[in-house]
Amino acid sequence: MALLEISDLSVRFGQFRAVSGVDMTVDAGEIVGVVGESGSGKSVTSLAVMGLITEPGKVSAGAMRFDGRDLLAMPARERRRLLGRDIAMIFQEPMTSLNPSYTVGFQIEEVLAVHGAGNRRQRRERAVELLELVGIPDAGRRLSAYPHQLSGGMNQRVMIAMSVALDPRLLIADEPTTALDVTIQAQILRLLVELQRRKGMGLVFITHDLGVLAEIADRVIVMYAGEVVETAATADLFTTPRHPYTAALLDALPDRALATAAADGRRGRLPAIPGIVPGPFDRPAGCLLQPRCRFADDRCVTEHPMLHPLHPGAARCHRPLGADGLPAGEIGRVA
Amino acid sequence: MLRYIASRLLVLVPTVLGIVLLAFFLVRQLHGDAVEARSGERGITAEQLAERRHALGLDRPLYEQFGAYLGQLMQGDLGKSYVTQRPVIDEFLELFPATIELSIVAMIFAVVIGLPAGILAALTRGSVLDHGVMGAALAGYSMPIFWWAILLIVLFSNILGLTPVSGRLDVLYYIEPTTGFMLIDTLLSDEPESFWSALRHLILPSVVLGTIPLAVIARMTRSAMLEVLGEDYIRTARAKGLSPFRVVWVHALRNALIPVITVIGLQVGTLLAGAVLTETIFSWPGVGKWLIDAIGRRDFPAVQGGILLIAVTIIAVNLAVDLLYGLINPRIRHQK
């Protein structure tokens with residue numbers, strides 16, 4: 001049984017569907033990468049899993065199960081008990097994600113206290129232990145520091161310490177390194193993966209950096225305009241992307257672009273995908289990528305594609321790509 | 001910290017000097033003086049008038065009078081009232097507890113109602129409750145104090161007969177002033193049941209005086225709360241599995257209080273200004289009413305001294321509020 005199982009998840013804000021028809025599973029001990037541009041619905045999906053979508057947002061799903069328990073049918077209080085204890089989340093902006101009015105010690109100990117872990121002294125000891133675990137020197141004294149006295153990297157370490165305080169089984173990291181310096185990014189990434197291995201957590205790693213996922217993820221989910229457009233094992237996705245959008249994202253990776261250019265014997269410009277992600281009110285008919293896709297034909301303009309299983313992986317495309325990077329054939333055309 | 005307080009106190013010197021200057025010259029812009037005011041309609045002879053003016057020093061040139069007054073102030077002497085011949089400071093201190101008591105109770109009323117009302121409005125943003133609270137706050141802020149006071153008196157005193165119309169205590173009781181605070185003095189006296197009388201006398205004036213601060217606090221709390229509730233750390237708090245109650249009262253409120261406390265500090269000025277009107281309407285024997293009476297009698301030393309002392313009080317409260325910031329806002333504490 002999968003640790004997290006979501007099917008047909010949709011999140012609407014008024015008329016706007018921020019996320020629609022998302023399926024996702026995460027197994028224990030697995031790292032699932034979620035990649036997509038800003039506004040593709042990555043964060044909204046994870047907030048929906050956490051139950052943190054607030055008015056006017058509306059969440060609906062065919063199923064949403066954690067460890068076999070139905071998250072949607074669960075009373076709010078019971079669902080809250082899972083948060084911070086079994087499912088934890090790390091956010092993008094470490095400098096603003098911690099409360100400026102309380103010490104980091106208070107904020108770490110609070111999550112322990114709220115979930116009834118230990119007495120005051122034990123919680124303090126555990127907090128010191130956690131800060132040491134995430135590599136903060138002089139942990140005992142740092143407990144009484146306020147977030148504004150620490151650097152962004154240090155604050156993100158505090159966030160990580162707080163999120164793994166109760167050994168959650170699922171950790172959702174929403175672009176945890178985006179706001180940090182490149183050197184710090186690598187450290188935080190290493191720390192997260194190390195913790196994930198040691199504790200056997202399921203990890204959902206949200207990013208817009210495919211390069212990062214190539215290094216750490218077991219499986220990758222590619223999102224575009226609120227939909228999953230492709231999902232596959234990391235190795236498969238990087239060797240044979242089946243969706244034109246994934247292929248275009250990969251082509252835009254500087255290392256790959258340079259290699260391709262060198263193979264063709266020319267100095268390359270970084271390829272870009274023409275156009276922009278459709279906004280809330282200018283979504284095209286048919287396939288959402290269609291106006292930006294170089295392989296689109298008349299069917300793509302009229303008919304919205306399903307997520308077709310392709311063994312391996314799945315892609316939301318009428319004309320999925322083959323190993324040569326060109327449409328390999330048409331799926332289920334009704335004549 | 002001490003250096004900060006010292007530097008703030010130093011800045012006060014020109015402020016206080018300005019207030020003294022303003023009070024001194026403004027009160028002399030009024031027509032007439034204490035001598036004319038006291039001689040009444042029967043009139044006195046020109047010689048008597050000149051003689052009495054001379055006795056009070058009112059016949060000297062203004063700059064001489066001002067110099068003399070400043071010299072007096074330097075020695076800590078606020079002068080004597082023309083009317084009662086008692087030192088201004090004594091009169092002020094005797095009446096000030098009544099004003100403080102009224103102001104404190106009014107402020108408690110404003111905070112105790114305004115803070116939760118603002119929080120509630122923020123939490124139910126856009127609802128009927130939110131619009132109701134904000135509408136009431138706008139009405140409260142816009143209403144003339146005297147008119148509001150009269151409405152309340154008509155309803156609660158005249159029609160319902162629930163509260164007394166004026167004064168601090170029923171005439172049945174005589175309470176020897178110990179602290180000057182009637183609520184405390186009545187409890188200390190051998191007639192503790194008079195406490196209820198003192199309390200009933202306080203209700204209407206405090207409600208009237210507290211209405212504007214209440215409205216301001218409610219509006220400020222609502223907007224501060226709305227801003228804070230959208231912050232990333234609130235999302236973090238919820239992601240930790242905290243109850244909505246804890247998220248609001250522990251994580252949001254502390255941060256939302258920072259601007260609200262500023263506003264509360266600023267309202268102290270409004271409160272003492274409002275006390276002048278409120279005390280007059282309810283015949284409340286405090287410094288507000290005393291100041292109005294002193295103006296009517298052209299009792300210059302009393303008016304000048306009263307204005308100066310009230311101004312110093314407001315300045316002191318604002319300084320205290322500034323220091324209080326550090327307690328709730330660690331970011332400020334560490335800057336110093």
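Chain identifiers are assigned alphabetically (A, B, ...) following the order of the sequence lines, protein sequences preceding nucleic acid strands; residue numbering begins at 1 within each chain.
- Surrounding CZ of A:Phe13 are more than 12 heavy atoms belonging to other residues, nucleotides or ligands, all under 6.0 Å away.
- In this structure, the side chain of B:Thr236 engages the main chain of A:Ser97 through a donor-acceptor pair within 3.5 Å.
- Here A:Leu83 contributes atom CG and B:Leu242 contributes atom CG; the two are 9.5 Å apart, rounded to the nearest 0.5 Å.
- Per-residue heavy-atom pair counts under 4.5 Å with chain A were compared for B:Arg246, B:Arg235, B:Glu231, and the maximum is reached by B:Arg235.
- Under the 4.5 Å side-chain criterion, counting only non-hydrogen atoms from C-beta, A:Thr54 is in contact with B:Arg238.
- Of the two parts of B:Arg125, neither the backbone nor the side chain holds a non-hydrogen atom closer than 4.5 Å to a non-hydrogen atom of chain A.
- Contact count versus chain B (heavy atoms, under 4.5 Å) is highest, among A:Leu82, A:Val111, A:Ile87, for A:Val111.
- Atom OG of A:Ser101 is separated from atom CD1 of B:Ile258 by 4.5 Å, given to the nearest 0.5 angstrom.
- Shown here for B:Val250 and A:Phe106, the closest heavy-atom pair between the two residues is CG1-CZ, 4.2 Å.
- Only the side chain of A:Leu47 comes within contact range of chain B, with at least one heavy atom under 4.5 Å from a heavy atom of that chain.
- Without hydrogens or angle criteria, B:Tyr233 side chain to A:Met95 main chain gives no donor-acceptor distance under 3.5 Å.
- Environment of CD in A:Glu78: crowded, with over 12 heavy atoms of neighbouring residues, nucleotides or ligands closer than 6.0 Å.
- For chain B, the nearby part of A:Leu98 is the backbone; its heavy atoms alone come within less than 4.5 Å.
- A donor atom on one side chain and an acceptor atom on the other are found under 3.5 Å apart for B:His251 and A:Glu110.
- Residue contact with chain B, scored on non-hydrogen atoms closer than 4.5 Å, involves the side chain of A:Val114 exclusively.
- The main-chain N or O of A:Leu112 is never found under 3.5 Å from a side-chain atom of B:Lys240 such that the two would form a donor-acceptor pair.
- Counting heavy-atom pairs closer than 4.5 Å to chain B, the top-ranked of the candidates A:Gln92, A:Gln107, A:Arg81 is A:Gln107.
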